[in-house]
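First the proteins, then the strands, lettered A, B, ... as listed; each starts at 1.
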Number of protein chains: 6
Amino acid sequence: MRSNGRNVDELRHVKITTQVNKYAEGSVLIEMGDTKVICTATVEEKVPPFLKGQGKGWVTAEYSMLPRATQTRNQREAARGKLTGRTMEIQRLIGRALRSVVNLQALGERSITLDCDVIQADGGTRTASITGAFVAMVFAINKLAQDRKLSQFPVTDYLAAISVGVVGDKALLDLNYEEDSKAKVDMNVVMTGAGAFVELQGTGEDRPFTRQELDQLLELGEKGVYELIAAQKEVLGEVALKIQSGQPGQEV
Amino acid sequence: MRSNGRNVDELRHVKITTQVNKYAEGSVLIEMGDTKVICTATVEEKVPPFLKGQGKGWVTAEYSMLPRATQTRNQREAARGKLTGRTMEIQRLIGRALRSVVNLQALGERSITLDCDVIQADGGTRTASITGAFVAMVFAINKLAQDRKLSQFPVTDYLAAISVGVVGDKALLDLNYEEDSKAKVDMNVVMTGAGAFVELQGTGEDRPFTRQELDQLLELGEKGVYELIAAQKEVLGEVALKIQSGQPGQEV
Amino acid sequence: MRSNGRNVDELRHVKITTQVNKYAEGSVLIEMGDTKVICTATVEEKVPPFLKGQGKGWVTAEYSMLPRATQTRNQREAARGKLTGRTMEIQRLIGRALRSVVNLQALGERSITLDCDVIQADGGTRTASITGAFVAMVFAINKLAQDRKLSQFPVTDYLAAISVGVVGDKALLDLNYEEDSKAKVDMNVVMTGAGAFVELQGTGEDRPFTRQELDQLLELGEKGVYELIAAQKEVLGEVALKIQSGQPGQEV
Amino acid sequence: MRSNGRNVDELRHVKITTQVNKYAEGSVLIEMGDTKVICTATVEEKVPPFLKGQGKGWVTAEYSMLPRATQTRNQREAARGKLTGRTMEIQRLIGRALRSVVNLQALGERSITLDCDVIQADGGTRTASITGAFVAMVFAINKLAQDRKLSQFPVTDYLAAISVGVVGDKALLDLNYEEDSKAKVDMNVVMTGAGAFVELQGTGEDRPFTRQELDQLLELGEKGVYELIAAQKEVLGEVALKIQSGQPGQEV
Amino acid sequence: MRSNGRNVDELRHVKITTQVNKYAEGSVLIEMGDTKVICTATVEEKVPPFLKGQGKGWVTAEYSMLPRATQTRNQREAARGKLTGRTMEIQRLIGRALRSVVNLQALGERSITLDCDVIQADGGTRTASITGAFVAMVFAINKLAQDRKLSQFPVTDYLAAISVGVVGDKALLDLNYEEDSKAKVDMNVVMTGAGAFVELQGTGEDRPFTRQELDQLLELGEKGVYELIAAQKEVLGEVALKIQSGQPGQEV
Amino acid sequence: MRSNGRNVDELRHVKITTQVNKYAEGSVLIEMGDTKVICTATVEEKVPPFLKGQGKGWVTAEYSMLPRATQTRNQREAARGKLTGRTMEIQRLIGRALRSVVNLQALGERSITLDCDVIQADGGTRTASITGAFVAMVFAINKLAQDRKLSQFPVTDYLAAISVGVVGDKALLDLNYEEDSKAKVDMNVVMTGAGAFVELQGTGEDRPFTRQELDQLLELGEKGVYELIAAQKEVLGEVALKIQSGQPGQEV
C-alpha cells in the first residue's frame, strides 16, 4: 500500500486553478498532491534573433523552485550566479514539449514564455510544470485569438506529462518525493491527446531496467496522461473545443 | 479621490495567511491589495563565518520577484547571472529591519533566513515583505521555543513597514503601483510596536521635499504601521503575548 | 569631547581641490578629514538605450574604494566578479541625488558619469562622494556651456550631503569611522541649496530611534549641508553664479 | 539508401584507439565515422564533499566540443563564462550512465573523472562519449587493480550507447549529422551487456511518435549496442574477462 | 646530457600533420616531442566591431588545454566560469604574433580565428601553438586565394616560435616540461623568416639573468626558429612559394 | 625633438611621494610625468593555500586603472564582472618581478599584497607600478623588521622597470602615451640594482625588430633603470642601507 493509501495506478489529487495572476496573458496554479507550481504565460510581439523575419513564432519555458519549496532550503540560483544543470535540463524539456503541440507558423512572429515557479515540491515538479504550462499557454493563445491576431488556432493537440517508476518491485504512477527518492527506475512520460509520445526519459537510478518493466511503466504513464488531459479539458471549458487532437488547427 | 475609493490615510485590504508551506519553520502569504508576497522562515543550526563561536545568532533575508509578478515580464536574475542593485538594496533592508527587533544573543548560535518571494506586485513589495517576514520569523522562533531550544523569547518588539508618498500635492498612505509611478516624493517607514523608527528612507523622486511634507508623511506612516501591527497580532494569536514591546524578552 | 576636539555640530576639515585629472571634463579631490575621494565627471554624447530619441540627458554615478582605503584590505570587486550590495546601494544613491538638481531636458541628449573613487576612507565616504561629485559635475557642465552646447544652464540648485548619528546619547555631525562604528543611529542627509530634502536615510543600527532624535539629527544635517555648500561655492568661483537655487536655469 | 551506402541497421565504422594520452590513467580515441572523441579517465584519491567518510567512490564526467568540431565555429564555453544547457545535460547523462555499472562501494573512497572532448562532430557525440568513456574507465580501474588498491573488480557490466531515429518514414541506426538534422524522432539508448536499459531518451523533434515506432527504435538500438560492446571487448583484451555481466565483481 | 639524449641546441622531434579537421578552413596537429596541439583556422566574413567599415581584416587566437593534457588534471576554465590569467596571456601573444606577418588590408574585411587546443602538454605549448597556427592560417588564407577572394597574398613572412632557457648553468633549446620546471631563466622567442624578432619574453624564474646569458639564449632561439620554418615549408609545399619574406605579398 | 623637449635617453620627471595612505604598511604615489600610480603594500599574517606550512612567504600584486585615468572613460572591470587580459598580464608581471628580489624564506609565513592603482595614465603605467611598488614593499618589510618579526632583511636587491621603444626610426627611453601609440617596437625592461634582467618583454607592434635595435633598446633601458634606482634610494633614506645588491640579506 502506498502512502496516502493510493493504488499503484492512481494519481494524486489534481487541482488546476486558473487566472491566478492579474497581469499574465494566461496563468494557472497546478497542484498534484503537495506539489504546487504557478505557471504563467507571457506573450511578447518579438521572436529570438535566430527566428527573425521567418514569419514563425516561438514557445519557451523557464523553471525555478522557491528556496524553501523543499524540505531543506536550497541556495537561490540568482545568488549562485548561474543555473544548475538540473534546472537547464528541465526548462529545455518543458519548452521542447510545448513546442511539439504548437504550429509555430500559425502562431505568427511572436513568442510565448512559460514561467513555471515551484511554490512547494513533493515530487513530479517537471511533469506538473508541463501539464500546467500547457493550460496557461492555451489561455494565452486563446486571448490572441479573441483579439483577432490569429487566423488559425495554433494548438495542434493536448499535452500532459506524468512520472512513473519502479519502487521495490512495483511499477507506480505519479511518484511523490518519498517514493521518488527510493525508486530504482524513474521515467517521465510526455504524451499528446492522440496518445503519441512527445518525450520519454527513463533512467535506471539504482539498477538497469528490462524491456518488460519499460512496457509496464509506459502503460501506467499513458493512463495518467489521459486523466490529466481530462482535468485540463475541464478547466479549459469551451476553449477546449478549439483543440482537435491530430487535426489541422481550427479556423478562428 | 484615490483609485479603489480609498482615503488618503487608508491602507489597502490587508490579508495575512499563515502556514502556507508545509516544510518551512514559519510561513505566511501577505496580501496588500493586489500585492502578494510569500514569506518563509528557515531555521538552520549554523551561523555565517564572521559570527562563529560568539554564541550569537543571525537573521537575514532574500527577496525576489517572479518574472511575471509585474505588468511586463522581467528577466530572471538567475538567468542574468547576478542580482540587480534594487534586489540587493531591498534584501539588505529587510534583514537589517528584522535584526533590529531580535536579541541575537538570546537566539543562540543559529540563523534564520527569510525568503520573500513576490508572486504579484502592485507597489509596496518591500514594505509588505518586512511586515510578512516578521510574522513568519516569529512563528519560526516560537517553534524553537516550543522545542525548548531557547531560554528567553528573543523577539524584542513588533515590526511593520509601509510606504507613503506625495502624489500631486497630496500625502498618501500605502501607494499602489499606479500611485507610486507618479509620486513626487516616496518614503518607506519601518517602525516598532513602541512607535520608534527602525528605518526611514525618503527620496525626492521628482523634486526635493520640505520639512513640512516630511512631517505629514511620518504621521501617515505611523498610522499605517499601527494598523499593520494590529493585523500581525491577530494572526499570531497567543504567540503575540510573548512579544513585549521594549521589554526584555519573556522567559520561555 | 570628540576625537580631534570637535564640537558635536562641527564638520571635519573640508578641502576641495579642483582639476586633479587632466583628461576628465570635471574633477575634484574632496577631503573630509582623513576621508579622501577623487570625483571625475565624464561627458559622453550618448544616452542609455531607455532614453534614446527623447531629447533628454542622463546623469549617473559609480563608486569604488581602493582595496587599502580602509584599515584592513578589502578584496577588489573586479576580482570577486561582482559588485557588493553596499556599492550598488551607494552608487544608486549618488546618481539619484545628482539627477535631482539637473534639468535633464536642458542637458540635451548626452550623459555625465561621475566616478567616485575612495582613496582613503575614514567614515562618510558616500556623503563626501555626493558633495564632491556635485562640484565635478558642475565644472563638466560649465565646460559644455563654454563650448556653446547648451542653451540653458541645467543645474537647478546646489547639492551636498552629510552624515549624522547618535553616539552614546549625543547627536553628532559628520561621523568619522571610529564614531560611525559605535553609532546607535546613523543617518545620511542630502539637501539642496534651497534647504529641501533630496534623500533621507536613517537606520537604527543598534536600537530604534525616536521622533525627537530624528528632529535633532535633521537640524545638525541641515547645518552641515549649508557649510558644505559654502565650500562648494568658494571653489566654483564665478561658475557658482550660474546656479540659482530653485530658479529656472540661467540662459547661456 | 543512406549516405555512405549504409543499411538502416548498420553502424558507421567504429574505431577505438587506446592509450592516446601518456598521463591519464585510462584513455581512448573513439571514432564513429567522422565523429571523434578523446576520452580520458583521471583517478583521484578523494571524493566530493557529499560522499566524504562513507567509504564509497564516485564516477563523474565532463563533456566539451572544440570550437571548430562542427561545420561553423562555436564560441568556447570558457569565453562565454558558463556551460550551455546542452553540455550540462550531456555530461550529467554520461556520468549517470557510467555510475550504473560501477559498484561504488568496491571502488573505495576515490573518484574517477571521465573527460570527453569532441575533436570532430558528425552526430552521435554523446553516445560515442559514453561508449568510449566506458573503455577509458575500465582501463583506469584495471590500473587500480594492478596496483592492488581494490579487493573486488567494481565494474558490474558492459555499457555502450547509440542513437537511433526516424528519418522520413524509416527507423535508422546511428544517425550522422545530416540524418540527425532532418530526423523526425530522435532517441538515445544506453544499455548494458546484459541487455537492460540504463537510459532511454526519446524526443519527437518534428512530431510525436507512436508505440510501434518506439518498438522499432528499441530493436535497432539493442542491435547497435551489442555490436559496440563487441568492439569494446576487442580493445579491452584480457581485461574484459574481469567484467561479468550481471555477476558480482570478480575478486582481484 | 639531456633527457632523450638531446644536445643543448637540439629541437625535439617535430611533426606537423595537416588537414586533421574536415570542417576547418585550415588545420594541423603539431607535435614537439610529447607536446601535441591541434590548431584550426576558421574564416568568417565579418570583423570585430572596432574594425567595421575600415576595409581591414583581423586575425585572433584562442588557446586551451584539455583537462588531462598535463600530469594532474586541471579544472576546465568553462567550469570555473572564467579564463585564467595564463590563458589570456598566451592567447593574446599568439594573436599578436600572427598579426605581425599578415597584411590586414590585403586580407580584406574578414577575420581568421586560430584555435589552439593542447591535447597533451610536455612544455612549450605556447610556442608550438604559434608555429602550428601559422601553418593552419596559411592554409586557410590559401583557400581564400584559391576561391579568388584576395587580390594579393596577405602573408608577409614566415613565423615560428620556440622556448629557450637556462637549466643548471646551461642554456638549452626547446625545454620539455621536466627541464622547464627547473629552469632558472625562461625565454620565448618569436621570429620571422627574415630573422627579425616579433616577440621576446624573458623571465628570471629563479634568479635574474645577465646580458651574456641573454645573448646565448637568443642565438639558440634563432637556430630553433630556422629549423621550425624549414619544417613549415615542407608541409606547406607549393603554397610556401606565395610567402616571400620581407617582400610585398605576391599577386594572386 | 620629443614632446616636452626631452632627449631620446631622458626620463620624464620622476617623483615618489611616500606615506600617502594612513592605513597601509607601506605606500607611495609615483609620478612619471603625467602618469600617476598609488602603490600600497598590505602585510597579512597568512599565505595562499599552496604555500601553507612551508615556512615561506608570498608577494603578489593587483593592478587597476580608475575609469577616467585615460583620455576616454573605460568601463570598470568590477562592472564588467571580470578582469581584462591586459590587467591579468600586468599584475602577474608585477608580482613575478617583485618576488625575484625577495627571499621568501626570510620573509616568513606571511604575504604582502601590492595594490597598484593608476590615478592618471600617460604611458608606462606597468613599469611605474613596478618601480613604485618596490618602494612601498620595502617600507612594509622595514616595518616588519622594526617590529622584530624578521631575523634577516629579505630584500635581496633593488628593482625598477622602464619602457623603451622605437618611434619613427629612433630608439626612445620612457615613452609617454602619445609616443607609445605610434611606437613600432615596444619593450619593457625590469632590472635589478646589480644590473641583471628580471623580465624582458619586447613586441614588434608595427613590424619585427632587428638584433641591433634590441641592443639599442636594452642600453636605454639600463640607463633608465639606474636613474630610477637612484630615485628609490633617495626616498628610502637609511632603509636603503639594508638592501645590498646581490648580497645575502642583512641581519636584523
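- Looking at Asp115(A), the atoms closer than 4.5 Å to chain B (heavy atoms on both sides) sit in the backbone and in the side chain alike.
- Taken from CD in Glu77(B) to CD in Glu77(A), the straight-line distance is 12.5 Å, to the nearest 0.5 Å.
- A heavy-atom distance below 4.5 Å is found between the side chains of Ile119(B) and Ile119(A).
- Counting heavy atoms of neighbouring residues, nucleotides and ligands inside a 6.0 Å radius, atom NZ of Lys15(B) does not exceed 12 of them.
- Counting only heavy atoms from C-beta outward, the side chains of Asp122(A) and Tyr23(B) approach each other to under 4.5 Å.
- Between Ile38(A) atom CD1 and Ile38(B) atom CD1 the span is 6.0 Å, to the nearest 0.5 Å.
- Listed for the Asn21(A) side chain is a donor-acceptor partner under 3.5 Å among the backbone atoms of Arg68(B).
- Interface residue Thr40(A): only side-chain heavy atoms are found under 4.5 Å from chain B.
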- Before giving the answer on side chain to side chain contact (heavy atoms under 4.5 Å, CB included), spell out for Lys36(B) and Val20(A) the whole-Å C-alpha distance, their side-chain angles and the decisive distance to 0.1 Å. CA-CA 11 Å; Lys36(B) 301 180 188 184; Val20(A) 299; over 6 Å; no
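- More than 12 heavy atoms of other residues, nucleotides or ligands shown are found within 6.0 angstrom of NZ on Lys22(B).
- Around the CD atom of Glu234(B), the shell of radius 6.0 Å holds no more than 12 heavy atoms that belong to other residues, nucleotides or ligands.
- Under the salt bridge (charged side-chain N to carboxylate O under 4.0 Å, His left out) rule, Arg73(B) has a single partner from Glu44(A), Glu25(A), Glu62(A), which is Glu62(A).
- Taking a 6.0 Å sphere around CD of Glu45(A), one finds it holds more than 12 heavy atoms contributed by other residues, nucleotides or ligands.
- The SG atom of Cys116(B) lies 11.0 Å from the CG atom of Leu66(A); values are rounded to the nearest 0.5 Å.
- Looking at Thr113(A), only its side chain comes within 4.5 Å of chain B, counting heavy atoms on both sides.
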